[in-house]
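Okay, so here's the structure we're looking at.
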Amino acid sequence: MIALGIILLIIGFLTGVSILWTIGIILLVVGAILWILGSMGHAVAGRRHYW
């Protein structure tokens, strides 16, 4: 999810499409939150580890 967010940020920045930029930021933030929760040992969406 983090990688997809970064890719969308880059594509949105290069093409000037603001919706891709916005979606990229949202995916990046959600991916980072899930990664932090998973690394702290909390079960995320039924999974013990979230990559």
Side-chain angles (χ1 to χ4, degrees):
M1 192 175 287
I2 294 173
L4 182 62
I6 291 172
I7 291 170
L8 286 177
L9 278 174
I10 293 171
I11 292 173
F13 180 72
L14 293 177
T15 61
V17 180
S18 63
I19 191 70
L20 290 178
W21 181 259
T22 305
I23 293 172
I25 291 173
I26 291 170
L27 285 178
L28 193 64
V29 169
V30 169
I33 290 171
L34 290 175
W35 180 37
I36 291 170
L37 285 175
S39 67
M40 291 174 60
H42 294 283
V44 177
R47 295 181 159 190
R48 189 77 175 131
H49 300 285
Y50 187 84
W51 305 345

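Bear in mind the structure is a predicted one, so any value in this text is a computation, not a measurement. All values below come from the heavy atoms of this structure, side chains included, with hydrogens, waters and symmetry mates left out. For reference, positions follow the sequence shown, starting with 1.
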side-chain contact (heavy atoms from CB on, under 4.5 Å) filter on I19, not counting sequence neighbours, yields V17, I23

Look up atom CD1 in I33 and atom CG in L28, then write down how far apart they are to the nearest 0.5 Å.
-> 10.0 Å

Would you check, one step at a time, whether the test side chain to side chain contact (heavy atoms under 4.5 Å, CB included) holds for F13 with L9?
-> CA-CA 6 Å; F13 180 72; L9 278 174; over 6 Å; no

Which heavy-atom pair separates I2 from W35 by the least distance, and what is that distance?
-> CD1-CE3, 4.2 Å

Can you list the residues that meet the side-chain contact (heavy atoms from CB on, under 4.5 Å) rule with L4, with sequence neighbours excluded?
-> L8, L27

